[in-house]
Amino acid sequence: MSSQLLERLNSVQVAAVTAPPGHLLILAGAGSGKTRVLTHRIAWLLANDLAKANSILAVTFTNKAAHEMRHRLQQVAPYDVRHLWIGTFHSIAHRLLRIHWQAAGLLETFQIIDSDDQYRLVRRVLVQLNLDEKHWPPRQAQWFINAQKEVGLRAAEVEDEHDAFRRTQIRIYSAYEALCASTSSVDFAELLLRVHELWRNSPEILAHYQTRFTHLLVDEFQDTNAIQYAWIRQLAGVNTDVMVVGDDDQAIYGWRGALAENLAQFLKDYSNVTTICLEQNYRSTQTILHAANAVIAKNSDRLGKELWTEEEEGEAISLYAAFDEHDEARFIRGCIQKASSQGVAYSAMAILYRSNAQSRVLEEILLEANIQYRIYGGLRFFDRAEIRDALAYLRLLYNVNDDTAFERIVNQPPRGIGDKTLQQLRDVARDNALSLWQAARKLLEERALASRASTAINHFIELIVALQPIVQQTQIDSMLEQILQRCELYSFYKKDRTEKGLAKVENLDELVNVAKEFNPDANTDLPPLAAFLAQAVLDSGEKEAAIGEEAVQLMTLHSAKGLEFPVVFMCGLEEGLFPHYLSVNEGDGLAEERRLCYVGMTRAMKKLYLSYAQSRQLHGRSERKQASRFLSEIPKQYLKKERLSSTFTPRINTSEYGFHLGDRVRHPLFGEGTILAFEGSGDHARVQVQFVDFEKGTKWLVCSFAKLQTL
DNA sequence: ACGTCTACCGTTTTT
DNA sequence: CGGTAGACGT
């Protein structure tokens with residue numbers, strides 16, 4: 001078994017998988033078989049009786065990574081791996097808090113809130129504190145709170161540094177803490193902080209897990225923030241072997257609090273660490289790797305690692321200097337069509353960009369060319385308003401004191417409970433330390449409401465009470481169906497006959513489907529409804545492209561991390577956009593942008609296209625752009641220029657003929673081409689056209705003579 | 001309670 | 001330019 005396990009690994013991977021007891025730091029370059037090493041390591045430990053299944057804890061950053069690890073482990077381990085503790089920091093924290101809710105100072109029914117719910121709570125706090133949203137943007141306060149939690153600080157522990165701004169932020173944080181406590185809400189950062197405090201305050205609980213987990217494995221270690229690392233340090237007891245896997249060159253989440261320095265810190269904090277570098281890449285051609293290595297080499301303070309491959313040299317990297325974003329999109333479209341005609345599947349191609357706004361032009365061009373595409377990111381399933389409404393009903397039924405849920409659906413569908421009534425409820429709730437639900441009951445009993453409002457509130461309360469028996473059932477899908485019917489959310493959205501309304505009803509149906517297919521982790525001890533609700537918050541519901549789905553993949557460079565595609569287009573390589581102008585001035589900003597560039601390039605297996613636009617519409621105006629500095633960091637020998645970048649000429653309207661620079665035109669003899677330059681006027685007006693057909697090259701044509709047709 | 005108008009803003013994002 | 005959030009009017 002064991003030798004079979006090692007068969008398809010290279011010698012460095014074998015060294016990592018079979019490393020003797022002790023701590024391990026694996027520096028795993030892009031495409032070097034990181035997940036493979038992690039899963040084989042676990043399988044190795046189990047197969048050689050070096051660890052019991054329940055003494056292994058594997059932590060990942062995303063649910064997708066956790067699922068993948070479990071799935072791939074199952075392929076190499078000859079027994080059921082469903083009971084292994086594999087999960088994200090957050091899901092594991094959630095699990096621990098569900099077990100130790102009492103010791104953690106929570107109510108048994110505590111609810112996880114996502115950042116949107118958190119934002120609403122922060123705004124409520126601002127109203128409470130009489131702070132003007134213009135002066136104290138809720139986003140900023142939310143950011144402040146999360147940043148403090150991420151370094152392990154409670155409001156009472158944050159220093160104001162005699163700074164008025166900080167003092168107010170701390171006041172907001174403090175009031176937010178109180179609101180979370182009274183509504184039993186736990187935000188994402190709170191999950192981690194609570195567990196951290198639980199372990200700090202309950203040594204016997206910590207000792208239990210320290211003894212239990214003899215092996216702790218952490219994926220994407222460069223993405224861990226301060227509290228996550230503190231967590232690892234706490235949990236790793238004297239008998240725990242820690243294995244961290246990461247790549248400082250792929251640290252692209254510094255702006256979110258991730259500390260790639262944790263990699264170096266790990267070496268300082270732990271003695272007898274074996275460091276192993278996985279540098280053989282199994283993904284890309286030599287050309288792509290050499291180019292990517294050259295770019296990342298411009299960063300200083302690297303741990304030092306250089307990818308190599310046994311793959312062939314491969315094709316040169318294509319570089320296209322477009323006139324504008326439309327021209328760029330058309331170039332990409334052309335390449336996709338060509339590749340497709342040569343048998344490359346759409347799903348083997350990905351277009352990567354720095355910011356989401358760039359996707360629109362690409363979409364338009366792909367749509368027009370009838371090329372199927374799929375965009376990652378954007379609004380996720382569980383973030384849709386109708387889905388959140390439906391889930392809020394479940395949440396309120398699970399726990400009537402869930403204020404976040406109460407606020408969301410008390411008047412959804414509209415039942416005559418307006419802002420005034422709601423504000424009355426909020427005031428009473430705050431003054432009497434009650435939940436909104438309790439406040440509503442109190443006001444009803446005291447007959448303190450206006451008659452209209454009273455009837456409406458009463459109606460709502462009766463509805464919820466009547467629905468409550470339903471959540472005792474075990475089938476979540478049928479539970480959902482009944483609730484959606486009786487709370488009239490269904491009929492409310494069905495009234496909307498527009499396309500949007502239709503989509504909402506479809507989404508609600510899809511939610512029932514999701515519930516039907518929901519099967520909680522084998523190792524969760526939660527009641528099904530609680531498990532379902534937690535999953536809805538903790539799992540974005542972002543699915544990978546279905547197998548066989550024939551669509552070009554569009555996504556940001558950030559969301560491309562961890563993925564690979566035979567053909568990759570990286571577009572918008574312009575100063576100001578990539579590297580982004582807001583990053584350039586930050587401390588590590590430029591280096592992080594460069595890592596992002598490295599991540600993007602190393603997604604490509606066979607062929608990489610790079611492009612930039614010399615002019616781009618931004619915020620409604622056309623801006624001149626210079627090629628990204630990253631392009632000049634790629635040695636020329638790896639690049640093939642698809643079109644010489646010409647000196648930029650402002651977009652002139654050659655009015656008589658209606659041509660624009662960068663326009664696509666067709667010539668009866670030479671075929672399709674792009675207008676590169678323009679000179680003269682009247683009968684002498686000439687345009688320079690670069691034809692798609694390389695043999696035709698670039699030609700100057702007299703407009704009045706050549707029968708050019710705009711496309 | 002809902003539609004229309006206006007002001008504002010504009011990286012990356014998982015949990 | 002295009003989306004969104006809030007104000008304002010019906």
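All values below were derived from every heavy atom in this structure, side-chain atoms included, with hydrogens, water molecules and symmetry-related copies excluded. Chain identifiers are assigned alphabetically (A, B, ...) following the order of the sequence lines, protein sequences preceding nucleic acid strands; residue numbering begins at 1 within each chain.
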Next item on the list: Give a yes/no verdict on a cation-pi contact between A/R194 and A/W101, requiring under 6.0 Å between NZ or CZ and the six-membered ring centre and an angle within 45° of the axis.
Entry: no

Check: Can you tell me how far P of B/dC9 sits from OH of A/Y581, to the nearest Å?
Finding: 12 Å

Check: What nucleic acid atoms does A/R139 come within less than 4.0 Å of, heavy atoms only: base, sugar-phosphate, or nothing?
Finding: nothing

Check: Of all the nucleotides listed (B/dT15, B/dT11, B/dC2), which has the minimum atom distance to the side chain of A/H90?
Finding: B/dT15

Note to self: Heavy atoms only, 4.0 Å cut-off, all strands: where does A/D114 land among base, sugar-phosphate and nothing?
What the structure shows: nothing

Notebook entry, point to check: So does A/N411 get a side-chain nitrogen or oxygen closer than 4.0 Å to the phosphate oxygens (OP1/OP2) of B/dA1?
Noted result: yes

Note to self: Using a 4.0 Å heavy-atom cut-off, does A/I417 contact any base of the nucleic acid, only the sugar-phosphate backbone, or nothing at all?
What the structure shows: sugar-phosphate

Check: Can you tell me if the side-chain N/O atoms of A/S115 get under 4.0 Å from OP1 or OP2 in B/dT13?
Finding: no

Next item on the list: Output the single nucleotide from B/dT15, B/dT14, C/dG6 whose closest atom is nearest the side chain of A/R256.
Entry: B/dT14

Notebook entry, point to check: NA contact type, A/L538, heavy-atom cut-off 4.0 Å: base, sugar-phosphate, or nothing?
Noted result: sugar-phosphate

Check: Given B/dT12, B/dG10, B/dC2, which nucleotide is nearest the side-chain atoms of A/N356?
Finding: B/dT12

Next item on the list: For the residue pair A/S615 and A/S622, confirm or rule out a side-chain donor-acceptor distance under 3.5 Å.
Entry: yes

Note to self: Students often get this wrong, so: under 4.0 angstrom with heavy atoms, is A/R621 touching a base, only sugar-phosphate, or nothing?
What the structure shows: nothing

